[in-house]
Asker: 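Quick one: the structure is below, questions incoming.
Labels below follow one simple rule: chain letters A, B, ... track the order of the sequence lines, proteins then strands, and each chain is numbered from 1.
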2 protein chains.
Amino acid sequence: MAAPRTTTNARLASIPRTAAQLRIIIAALDLFTEHGVSGTSLQMIADAIGVTKAAVYHQYRTKEEIVLAVAEFGLVPLEMALDAAEAERSRAAALEVLLGEMIALAVENRRMVSALQRDPVVARLLADHAPFRELMDRQDRVLIGGHEGAEARLRAAMVWAAIVGGVGHPLVADVDGATLRSQMLDLALRFLAGPD
Amino acid sequence: MAAPRTTTNARLASIPRTAAQLRIIIAALDLFTEHGVSGTSLQMIADAIGVTKAAVYHQYRTKEEIVLAVAEFGLVPLEMALDAAEAERSRAAALEVLLGEMIALAVENRRMVSALQRDPVVARLLADHAPFRELMDRQDRVLIGGHEGAEARLRAAMVWAAIVGGVGHPLVADVDGATLRSQMLDLALRFLAGPD
DNA sequence: GTCTATATGAAGATAGAC
DNA sequence: GTCTATCTTCATATAGAC
């Protein structure tokens, strides 16, 4: 399965970040997870690091830029998972790599994933910002595979939602990570394979 | 399948609402869908109806109360679907009724469902407010059925997430409602049935 | 890179008149 | 049920010193 990399090629992994910026990103990620983006003020971020609002503004000119930086940082693992999946030769292998990585990441960061995936601000960002849309497109391409038609797209949409939404569901809050990971991967792969 | 109705029995459907309150609820629902709860101010709600903030405050003392009223209003259809599902005698029939209704509702109100399900404020409300938790519990009970163990709960969590998250996914944005509804029901039922 | 200080605006909320 | 007017608090954002 060749990797049809698209035109604009902004590697999230190679975006430069100073130490001060990284501190802000880490703190913001944590706060966004707990309070949502709209529910997190710059004051809260500044307090968490132990600096003033002005110091935060010195690193990022607006709150929007912080949200963007956090998203760029948080999506690096997905980018790497996509690289790995696209390097596989068969659809089955690509799916297994991508779903395995996605699920591992989602399970490891349950709270973060379910909080950020839910956030309307983040949702709009993922839809509007080109580098993110590109990631989502690559992801969709792997999930859909060679198939065409509404059902293949529906399966892709549902399996994606089932993963990112499922890990945060109260029903599985007490299931340990390893179990959740293996059972979810199993169910996801079978769902995508279908009875045909 | 008997309906083991729980102790506190606040029927959402029978909560009284004045005309003025209903206007607020409708407007708020619309704005919440577009901007999220945190992203919607009382000023926006007031403007949408054509009154002042003070008039809104006369109906609901706090923003929280508005969110609550909107949720109570919006969840009435789910309550009715659960009533119908629990009245069925077999698990299979109950599942078909509940999933059929849930999916129909989710597809009909794609934008609303995916926006509100995502909202952190709504999520917290559903988790904390007893009448809502009760609805979710009834829903979980039907989805899990007689089974026990982590996998049954995981399947329930995933199918739920797949439905409410799937209807709003960009990949199926151009799929018409009828197609989406029937294919999603089919896939959801098969996912829950599993290969065993 | 971080600070103090400050501007500006909008949010949630209340008092009291019509 | 709706209004005007007002209050408080907080958020985003900037200027300029250290």
Asker: Does some side-chain heavy atom of B:Q139 sit less than 4.5 Å from a side-chain heavy atom of B:M102?
Answerer: yes
Asker: Strictly below 4.0 Å, heavy-atom distances to any atom of DNA chain D: list the hits from residues 58-70 of chain B, or just say none.
Answerer: B:H58, B:Q59
Asker: Taking the side chain as every heavy atom from C-beta outward, state whether A:V37 and A:L125 have any pair of such atoms under 4.5 Å apart.
Answerer: no
Asker: Which pairs pass side chain to side chain donor-acceptor pair (under 3.5 Å) with one or both residues in residues 28-48 of chain A, sequence neighbours excluded?
Answerer: A:Q43-A:D47
Asker: Not counting sequence neighbours, which residues clear salt bridge (charged side-chain N to carboxylate O under 4.0 Å, His left out) with A:D186? List them please.
Answerer: A:R190
Asker: How long is the straight-line distance from CZ of B:R23 back to CD1 of B:I45, given to the nearest 0.5 Å?
Answerer: 14.0 Å
Asker: Looking at residues 122-129 of chain B, who's got a heavy atom less than 4.0 Å off DNA chain C?
Answerer: none
Asker: Which residues satisfy the ring pair (Phe, Tyr, Trp, His ring centres under 6.0 Å) test with B:Y60, sequence neighbours excluded?
Answerer: none
Asker: Need two values: the first and the last nucleotide of DNA chain D, 5' to 3', having an atom under 4.0 Å from any heavy-atom of chain B.
Answerer: D:dG1 to D:dT4
Asker: Quick one: CD1 on A:I49 to CD1 on A:I26, what's the gap to the nearest 0.5 Å?
Answerer: 10.0 Å
Asker: Working to the nearest 0.5 angstrom, can you tell me the gap between B:L187 CG and A:E151 CD?
Answerer: 5.0 Å
Asker: Measuring from atom CD1 of B:I24 to atom CZ of B:R17, what distance do you get when rounded to the nearest 0.5 angstrom?
Answerer: 13.0 Å
Asker: Using a 4.0 Å cut-off on heavy atoms, which residues in residues 17-30 of chain A reach DNA chain C? List them by number, or say none.
Answerer: A:T18, A:A20, A:R23
Asker: Is the number of heavy atoms from other residues, nucleotides or ligands under 6.0 Å of B:E64 CD greater than 12?
Answerer: no
Asker: Crowded around B:R181 CZ? As in, over 12 foreign heavy atoms under 6.0 Å?
Answerer: no
Asker: Would you mind reporting whether A:D83 and A:R138 have side-chain heavy atoms less than 4.5 Å apart?
Answerer: yes
Asker: Does anything in residues 70-80 of chain A form a salt bridge (Lys or Arg N to Asp or Glu O under 4.0 Å)? List the pairs, not counting sequence neighbours.
Answerer: A:R11-A:E79
Asker: So does A:V142 get a backbone contact from the side chain of A:R91, meaning a donor-acceptor N/O pair under 3.5 Å?
Answerer: yes
Asker: By salt bridge (charged side-chain N to carboxylate O under 4.0 Å, His left out), which residues pair with B:D140, not counting sequence neighbours?
Answerer: none
Asker: With ring-ring contact (aromatic ring centres under 6.0 Å, His included) as the rule and sequence neighbours excluded, what pairs involving residues 161-185 of chain A come up?
Answerer: A:H169-B:W160
Asker: For DNA chain C, which residues in residues 40-48 of chain B have a heavy atom at a distance below 4.0 Å?
Answerer: B:T40, B:S41, B:L42, B:Q43
Asker: Got a second to check how far B:E101's CD is from B:L78's CG, nearest 0.5 Å?
Answerer: 9.5 Å
Asker: Can you give me the N/O atom pairs linking the protein to nucleotides 4-8 of chain C at distances under 3.5 Å, or say none if there are none?
Answerer:
none

